[in-house]
Protein chains: 2
Amino acid sequence: MANTKETITDVAVDLFHQKGYFATSISDIAKGSGIQKAGIYYYFKSKEALLFHIMMRTMDELMIHLEQCLEGVTEIESRMRAAVHGHVDFHLRRQKENFIANSELRGLSPDHYRAIVKKRDAYEQIFQGLMQQGRDTGVFAKGDVRILSYAILTLCTAGAFWFNPQGRLSIDEIARMYEDFVLNGLKHGDMGGLEQ
Amino acid sequence: MANTKETITDVAVDLFHQKGYFATSISDIAKGSGIQKAGIYYYFKSKEALLFHIMMRTMDELMIHLEQCLEGVTEIESRMRAAVHGHVDFHLRRQKENFIANSELRGLSPDHYRAIVKKRDAYEQIFQGLMQQGRDTGVFAKGDVRILSYAILTLCTAGAFWFNPQGRLSIDEIARMYEDFVLNGLKHGDMGGLEQ
DNA sequence: GTCTATAGGAGGATAGAC
DNA sequence: GTCTATCCTCCTATAGAC
């Protein structure tokens, strides 16, 4: 509780995840934070600015996390594995924020929307680069890199939607499953066999 | 334009897809339909009822489509292929409605939410049944059926989010790609190797 | 920094005429 | 069936005191 701004952000993450951005009012967030609604505006210019703050922070940390996962890993198959594992791991550990980042893009202003999509594209391109490299060196089967990357990222991101922290499987077990599934798909799965 | 109710529904599908359910007002829908907003309430009890109508219809038709795709197909691998192909095909052909059905669950009342989730669960269970059968007969590798089914369905559903009808790939080409990718994943992809 | 009070507007929904 | 008129609630955001 030391920092009011952090409290507001945390409460907003909880509520946006639970009820959705549009269904959550400034008044709800204020109540949850133990302040009056006018107090929110001392820290955030608008409700939309608060959403943007949450999303931007999540995207930045997602990217940093990926870079850390790839650091020092050189061989292409291992790099792909590390990337998928890291992606799933981050999405399950930071479930609420990732859920929001993937379902509330609608709430952003055009400018903020563009800023987030730009971050997302940069992130996707790292995956596409790995896939292209694996394909070029014959480690992965051929296939449409763009579509494959959408498929793989969506697949893994979806964990943030259904994952139950109290469930029977740990984050690491799930991340390994996805890692195996994706790598098998990439190695054997000739996705349409299209040249591009 | 013969049928006003259909016009309203069609306009609502367009707008919910384009701007989202919460950002679309009754007034927007009325304007698009060429009537006054009070006119909407002659056909639908509330905005939420209109959303529910769209979703329910989509889920029903999705299920019927799956059943038709499986009709007369007996061998398990072919059945799984037919199911995946049909799922992708339906999601790309009826892109807007499927987009809505997958992103606007938040807008439903608790009762309606339960009704839609029930339909979705029944649909998922058909896939899980196919996967279980394939696993039991040794055609597919072992793996966690529930998690695999989430993964596969999400993967394919995602097409409704990024698919561009004017793009370089046809619906059938994409459906085939996914079919191959998923089947390869199921046959070789030992998803964590968990017994269940 | 946080409060009280309120402006200002939008949007869902209804009443009742035609 | 469709329209006009309007109610009523809710919510974002701001002004200004403390």
In B/Asp28, B/Asp14, B/Thr24, the residue satisfying side-chain hydrogen bond (donor to acceptor under 3.5 Å, both in side chains) with B/Lys19 is B/Asp28
Rounded distance in Å - [atom1] ([X]) to [atom2] ([N]):
| X | N | atom1 | atom2 | answer |
| --- | --- | --- | --- | --- |
| B/Leu51 | C/dA13 | CG | P | 12 Å |
| A/Asp28 | D/dC10 | CG | P | 12 Å |
| B/Lys31 | D/dT2 | NZ | P | 19 Å |
| A/Phe44 | C/dG1 | CZ | P | 14 Å |
| B/Ile8 | C/dA13 | CD1 | P | 14 Å |
| B/Tyr43 | C/dA13 | OH | C1' | 18 Å |
| A/Ile29 | D/dT12 | CD1 | P | 8 Å |

Within 45° of the six-membered ring axis of A/Tyr21 and under 6.0 Å from that ring's centre, is NZ or CZ of A/Lys47 located there?
yes
Here's one to test your reading of the geometry: is the NZ or CZ of B/Lys5 within 45 degrees of the ring axis of B/Tyr42 and under 6.0 Å from its centre?
no
Verify side-chain hydrogen bond (donor to acceptor under 3.5 Å, both in side chains) between B/Ser149 and B/Glu124, making sure each step is shown before the conclusion.
CA-CA 7 Å; B/Ser149 75; B/Glu124 280 179 8; 5.2 Å; no
Any A/Tyr42 side-chain N or O less than 4.0 Å from OP1/OP2 of C/dG1:
yes
Below 4.0 Å: OP1/OP2 of D/dT2 and any side-chain N or O of B/Thr4:
yes
Treating primed atoms plus P, OP1 and OP2 as sugar-phosphate and everything else as base, which nucleotides of nucleotides 13-18 of chain D get B, S or - for protein heavy atoms under 4.0 Å?
BBB---
Checking B/Lys37 now: which residues fulfil side-chain hydrogen bond (donor to acceptor under 3.5 Å, both in side chains) with it, not counting sequence neighbours?
none
Side chain of A/Gln36 only, please: which of D/dC3, C/dT4, C/dT2 is the nearest?
C/dT4
Show your working on side-chain hydrogen bond (donor to acceptor under 3.5 Å, both in side chains) between A/Gln125 and A/Asp121 and close with a plain yes or no.
CA-CA 6 Å; A/Gln125 268 168 27; A/Asp121 287 349; over 6 Å; no
